[in-house]
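Computed from heavy atoms alone, side chains included, the values below leave out hydrogens, waters and symmetry copies.
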Amino acid sequence: MDGGGNSLPSVAGAAATKRRVCYFYDSEVGNYYYGQGHPMKPHRIRMTHALLERYGLLGGMRVLRPSPADDRILRRFHADDYVAFLRSANPEALSDPGALRRFNVCDDCPVFDRLYEFCQVYAGASVGAAKELNRGHADIAINWSGGLHHAKRCEASGFCYVNDIVLAILTLLEHHDRVLYVDIDIHHGDGVEEAFYTTDRVMTVSFHKFGDYFPGTGDIRDIGYGKGKYYALNVPLDDGIDDESYHYLFKPIMAKVMEVFRPDAVVLQCGADSLSGDRLGCFNLSVRGHGECVRYMRSFNVPLMLLGGGGYTIRNVARCWCYETGVALGVEVEDKVPDHEYIGYFAPDYNIHVATSNMENKNSRKSLDDIKVKLLEYLSRLQHAPGVQFQERPTDMDLEEVLFFSQCFQLAV
């Protein structure tokens, strides 16, 4: 496989060298339950952790239990009344249907037992990961319970209640001038894009299914606004995209992004619903192909945060995030899954890698070329030269300004 792009200077060394990795995990995370029949199952995080343990990968990382995010942290992005609603939400006392509609709490985003605690745990882990990168205590920080990219400032969306990614990026911006967000979930990373749509300090790049598919956003023509123009990139894809076609776009686009934007930190949302055979997906990526995106971004030697996201065939989610933890550590995990408490999920072959399907790839080479040309054209218009330095670190007021203008833009459109 291709080893990666033009690596940036780093004390971590070349792409093949070992990284200092920290991993956030709360043993309670598998106990949260969206409800019978709901496709989002936090239990997949526990399954992933069990695989990491049996493969011996935990010994190669610092394993940290996250500190729950308190109201003050959540309110850095989310509205006060929305946070108050989440704190008080109780499935036994849903007495205000108006509030449920207002905050988009519905079938997709139900009120379930200990909902607010769940939000605190996964958001706290992502913020904690950002702090570890800020302190220079890790080269790569992992939170597979995070990556809930659809949540908006004032409402839940797409199984997501609190946008841990936005909170993590805001934390990174306290110590880093420029942060890159990359999203390989099958769904558009709309909540993160909206939050930073008007700033040039955060670039968002989303690779996603586009056209009659949730959330319906992420057109290639959506490129940011004001100071943020050309700092939002969208890569709209069609059904059946395979590893070769995906990397045909991913690698040259991300190489150019890294060259012109020169981020100080990268956040990679690794939604596993872009894998072949996902319960809600329609892409045809293999575990190895999905993991190659992680390997490629790792090769640039920039502080990297890996987050979870979507993924609804839970045995494949566990396979994928276990494999990608190995990628972060520079370890190639053996294909044969070791015996452990969830071994039955991996029958009949008991392998990490499973065959992709024979579904049609509706992404023609011409369509991929057209997308690539357009996005590289956008990148050529970026105003900041790679050597430009910001005069000082951002203050809290600067960060509030970013969110204020993003909020105004959302209201305007």
Side-chain angles (χ1 to χ4, degrees), residues 1-4 12-25 27 29-30 41 43-64 138-145 147 184 242-244 246-247 250 268 270-278 281 283-299 304 306-309 311-357:
M1 289 187 182
D2 185 15
T17 61
K18 185 175 176 61
R19 299 293 198 276
R20 296 171 301 153
V21 181
C22 68
Y23 162 75
F24 283 81
Y25 179 73
S27 59
V29 74
K41 301 187 185 303
H43 181 64
R44 66 205 177 127
I45 311 301
R46 179 176 286 165
M47 290 175 59
T48 301
H49 183 79
L51 275 182
L52 299 182
E53 185 173 34
R54 290 299 295 146
Y55 271 107
L57 295 176
L58 297 180
M61 308 181 285
R62 281 189 304 123
V63 180
L64 303 172
D139 304 308
I140 301 174
I142 301 174
N143 172 28
W144 294 129
S145 69
I184 60 173
D242 56 22
D243 293 350
E244 181 184 3
Y246 201 91
H247 299 148
F250 186 87
L268 177 58
C270 303
D273 46 7
S274 46
L275 291 174
S276 181
D278 187 79
F283 283 180
N284 201 22
L285 297 184
S286 70
V287 167
R288 186 171 277 107
H290 195 276
E292 180 64 14
C293 296
V294 177
R295 192 185 313 276
Y296 190 70
M297 296 314 299
R298 179 189 187 271
S299 75
L304 176 64
L306 301 180
L307 300 175
Y312 309 101
T313 300
I314 61 175
R315 61 185 181 274
N316 290 345
V317 176
R319 285 177 162 113
C320 182
W321 293 344
C322 173
Y323 178 77
E324 289 173 351
T325 303
V327 170
L329 289 165
V331 173
E332 183 71 27
V333 299
E334 292 186 9
D335 190 25
K336 189 60 64 177
V337 173
D339 189 26
H340 67 297
E341 59 186 310
Y342 301 116
I343 190 67
Y345 281 87
F346 302 95
D349 296 326
Y350 305 100
N351 293 335
I352 283 286
H353 299 287
V354 293
T356 54
S357 79

Closest non-hydrogen atom pair between I45 and S145, with its separation: CD1-CA, 3.8 Å
C320 side, atom SG; L285 side, atom CG - distance, nearest 0.5 Å: 9.0 Å
Contacts of Y246 that satisfy ring-ring contact (aromatic ring centres under 6.0 Å, His included) - sequence neighbours left out: F207
All ring-ring contact (aromatic ring centres under 6.0 Å, His included) counterparts of H49, not counting sequence neighbours: Y23, Y25
Closest contact, heavy atoms only, H247 versus G289: NE2-O, 2.8 Å
Ring centroid separation Y323 to H353 under 6.0 Å: yes
Name every donor-acceptor pair, under 3.5 Å, that has one atom in a side chain of residues 342-352 and the other anywhere in the protein, sequence neighbours excluded.
| from | atom 1 | to | atom 2 | distance (Å) |
| --- | --- | --- | --- | --- |
| N351 | OD1 | K336 | NZ | 3.1 |

For Y55, all residues meeting ring-ring contact (aromatic ring centres under 6.0 Å, His included), sequence neighbours excluded: none
Shortest non-hydrogen contact between G60 and K18, atoms and distance: O-NZ, 4.1 Å
With R46 via side chain to side chain donor-acceptor pair (under 3.5 Å) - residues at least two apart: N31
Worked verdict on L304 versus D139 for side chain to side chain contact (heavy atoms under 4.5 Å, CB included): CA-CA 6 Å; L304 176 64; D139 304 308; over 6 Å; no
From CG (D243) to CG (N284), nearest 0.5 Å: 8.0 Å
Aromatic plane relationship, F250 with Y296 - under 30° parallel, 30 to 60° tilted, over 60° perpendicular: perpendicular
Backbone of W321 reached by a side-chain donor or acceptor of T48 within 3.5 Å: no
L306 versus C270, closest heavy-atom pair with distance: CD2-SG, 4.2 Å
Spatial distance of atom CZ (R319) from atom CG (D335) [nearest 0.5 Å]: 9.0 Å
Euclidean distance, R315 CZ relative to L51 CG, rounded to 0.5 Å: 13.0 Å
Considering all heavy atoms, the nearest A328-R298 contact: O-NE, 3.1 Å
Salt bridge (Lys or Arg N to Asp or Glu O under 4.0 Å) contacts touching residues 324-333 (sequence neighbours left out): R288-E332, R295-E332
Donor-acceptor under 3.5 Å (D278 side chain, Y312 main chain): yes
For A272 against H290, the heavy-atom pair lying closest together: CA-NE2, 4.1 Å
Exceeds 12 heavy-atom contacts within 6.0 angstrom, atom CD of E334: no
L57 and L329: CA distance, side-chain angles, deciding distance, side chain to side chain contact (heavy atoms under 4.5 Å, CB included) verdict: CA-CA 8 Å; L57 295 176; L329 289 165; 4.0 Å; yes
Interatomic distance, I314 atom CD1 to R44 atom CZ [nearest 0.5 angstrom]: 9.0 Å
From I142 atom CD1 to T325 atom OG1, the distance as rounded to the nearest 0.5 Å: 4.5 Å
